[in-house]
Chemist: 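This is the structure, below, for whatever I ask next.
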Amino acid sequence: MPELPEVEVVRRGLAAATTAARIRAVDVVDERALKRHPGDALDFVDALEGRALAAPSRRGKFLWLPLREPDGAARERALVAHLGMSGQLLVRPVGADDERHLCIRMRVDGPGGEHELRFVDQRRFGSLAVDALVPPVDADPAHPGERLPTQVRRIARDPLDPRFDDRAFRALLRGTDRGIKAVLLDQRAIAGIGNIYADEALWRTRLHWAQPARTVSTRKANELLAAVRDVFVQALAEGGTSFDDLYVNVNGESGYFERSLQAYGRAGEPCARCGRPLVREPFANRSSFRCPRCQRLRGR
DNA sequence: ACGGACTCCTGGATGC
DNA sequence: TGCATCCAGGAGTCCG
């Protein structure tokens, strides 16, 4: 399931394959993939055909490729992608067989010749859109050129962004009674974390998912941020986490960080620290995995 | 205003 | 064996 490391793997793959590529033709096979696009399919195709793609950017789990006019002029618009839980962006040879859940196909002509950039999505929570680029609400005066798609403006910076504000995040924790995991998953508070990496970071920090955020000490908050960054960097180095082939890189290959997971999906298996069997608990219509000994509610 | 519940969707796994 | 139900999840929306 694509969280920050998986989306970053895809971004890097796209950077190599599509930067400076020109879009020759766009075929919308399933219009439901355009649910975040402000216009219809015709408008989507029209906004892309003939334009070139600039180097891809990412914030949290959102990915976008700025568009250039045929004369090379920058356009304040971008092709925006969100993979949802099963979306894939694939670079394929022209005319390769259609994937079963192919939603959008784009023929692109780049430095490496002609390819197809395809958006494939089994569970259809993902989307492509053409969206305007605007200055971020948290713009840094030292970097006035930064631009974000409008639909990404409400998303916080992610913890690998050098301009992520640790201090502001700690203040946010002090100001809410929500459980710590709910805050980690709130993309307006900190971006890029989903259910898997939330559980991994909490396990590493020995925090219970329901621990009220305001009771997390400054020291623990710093440990938690460090754990989130560590787990992201490690997962990135291992190509991301793949379950049942739903997440793959642009060449269709799985990552292997699943082998390194210590908490997520491991109910009944012994905790790698203390040996107690991990438990699975319902949380916000999904699951949380934790060690009942290492990760207890504190200060109640 | 805040936070929790609900919604979109598909197919693999599970249960009777 | 076959049908029904459950479950997974990001982020927008809705409601108390």
Side-chain angles (χ1 to χ4, degrees), chain A residues 1-8 10-11 29-38 58-64 80-89 98-104 119-129 131 148-158 171-202 209-215 228 232 235 240-248 254-255 257-258 261 263-268 279-289:
Chain A
M1 286 129 230
E3 304 180 28
L4 185 149
E6 293 75 33
V7 179
E8 177 61 15
V10 171
R11 190 197 69 79
V29 178
D30 188 334
E31 205 161 334
R32 287 176 295 179
L34 298 181
K35 62 179 158 233
R36 288 189 182 88
H37 179 69
R58 182 189 55 72
R59 180 185 278 216
K61 306 168 193 172
F62 280 87
L63 179 65
W64 65 93
V80 185
H82 195 293
L83 303 179
M85 68 179 294
S86 60
Q88 305 175 341
L89 280 166
D98 284 1
E99 290 76 9
R100 175 148 178 222
H101 301 290
L102 177 66
C103 296
I104 293 170
F119 182 68
V120 176
D121 189 7
Q122 181 204 103
R123 295 184 191 169
R124 304 186 187 284
F125 278 23
S127 63
L128 295 187
D131 196 3
L148 287 181
T150 56
Q151 57 193 255
V152 182
R153 267 192 300 188
R154 70 189 65 205
I155 304 297
R157 291 189 188 274
D158 61 63
L172 186 148
L173 294 186
R174 283 195 300 274
T176 180
D177 283 323
R178 298 171 78 190
I180 186 64
K181 182 169 174 179
V183 179
L184 288 181
L185 294 178
D186 183 348
Q187 307 297 303
R188 291 161 303 181
I190 180 171
I193 306 171
N195 207 33
I196 297 173
Y197 296 109
D199 280 2
E200 292 305 302
L202 290 169
W209 53 266
Q211 188 70 40
R214 77 163 75 247
T215 68
V228 169
F232 276 171
T241 303
S242 300
F243 289 106
D244 50 32
D245 297 331
L246 284 184
Y247 155 71
V248 293
S254 293
F257 189 71
E258 190 197 346
L261 297 177
Y264 183 85
R266 304 194 56 170
V279 295
R280 171 179 177 268
E281 293 164 326
F283 162 81
N285 278 331
R286 52 199 62 143
S287 295
S288 249
F289 297 88

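Lettering of chains follows the sequences in order, A, B, ..., and the numbering in each one begins at 1.
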Chemist: When you measure from the side chain of A:Gln187 to the backbone of A:Gly192, do you find a donor-acceptor pair of N or O atoms at a distance under 3.5 Å?
Modeler: yes
Chemist: Applying ring-ring contact (aromatic ring centres under 6.0 Å, His included), can you list everything that pairs with A:Phe125, at least two apart in sequence or on another chain?
Modeler: none
Chemist: For C:dG9, take OP1 and OP2 only and decide whether either is under 4.0 Å from a side-chain N or O of A:Ser86.
Modeler: no
Chemist: Can you tell me the distance, in whole Å, between the CZ atom of A:Arg280 and the C1' atom of B:dA13?
Modeler: 12 Å
Chemist: Does the protein touch nucleotides 11-16 of chain C at the base, only the backbone, or not at all? Give it as B, S and - per nucleotide, heavy atoms under 4.0 Å.
Modeler: SS----
Chemist: Please state how far atom CG in A:Asn285 lies from atom P in C:dG10, giving the value in whole angstrom units.
Modeler: 13 Å
Chemist: Establish, with yes or no, whether the OP1 or OP2 oxygen of B:dG3 is under 4.0 angstrom from a side-chain nitrogen or oxygen of A:Thr176.
Modeler: yes
Chemist: Could you tell me the separation between the CZ atom of A:Arg123 and the C1' atom of B:dA13, rounded to a whole number of Å?
Modeler: 11 Å
Chemist: Could I get the full list of side-chain hydrogen bond (donor to acceptor under 3.5 Å, both in side chains) partners for A:Lys61, not counting sequence neighbours?
Modeler: none
Chemist: Mind checking what makes salt bridge (charged side-chain N to carboxylate O under 4.0 Å, His left out) contact with A:Arg59, not counting sequence neighbours?
Modeler: A:Asp138, A:Glu146
Chemist: Just report the end-to-end axis angle for the helix from B:dC2-C:dG16 to B:dC16-C:dG2, five pairs per end, to 10 degrees.
Modeler: 60°
Chemist: Take the protein atom CG of A:Leu83 and the nucleotide atom P of C:dG10, then report the distance between them rounded to whole Å.
Modeler: 12 Å
Chemist: What is the distance, rounded to the nearest whole Å, between atom CD of A:Glu6 and atom C1' of C:dG9?
Modeler: 13 Å
Chemist: Output the rounded distance in Å from CZ (A:Phe283) to P (C:dA8).
Modeler: 13 Å
Chemist: Would you find more than 12 non-hydrogen atoms of other residues, nucleotides or ligands less than 6.0 Å from A:Arg214 atom CZ?
Modeler: yes
Chemist: Could I get the full list of side-chain hydrogen bond (donor to acceptor under 3.5 Å, both in side chains) partners for A:Glu281, not counting sequence neighbours?
Modeler: A:Trp209, A:Arg290
Chemist: In chain order, what residues pass the salt bridge (charged side-chain N to carboxylate O under 4.0 Å, His left out) check against A:Arg58, with sequence neighbours excluded?
Modeler: A:Glu8, A:Asp158
Chemist: Taking side-chain hydrogen bond (donor to acceptor under 3.5 Å, both in side chains) as the test, write out the residues that go with A:His101, two or more places apart.
Modeler: none
Chemist: How close or far is atom P of C:dG10 from atom CE of A:Met85, stated in whole angstroms?
Modeler: 7 Å
Chemist: In whole angstroms, how far is the P atom of C:dC7 from the CD atom of A:Gln122?
Modeler: 18 Å
Chemist: Could you pull out all residues at least two apart from A:Gln151 that satisfy side-chain hydrogen bond (donor to acceptor under 3.5 Å, both in side chains)?
Modeler: A:Asp131
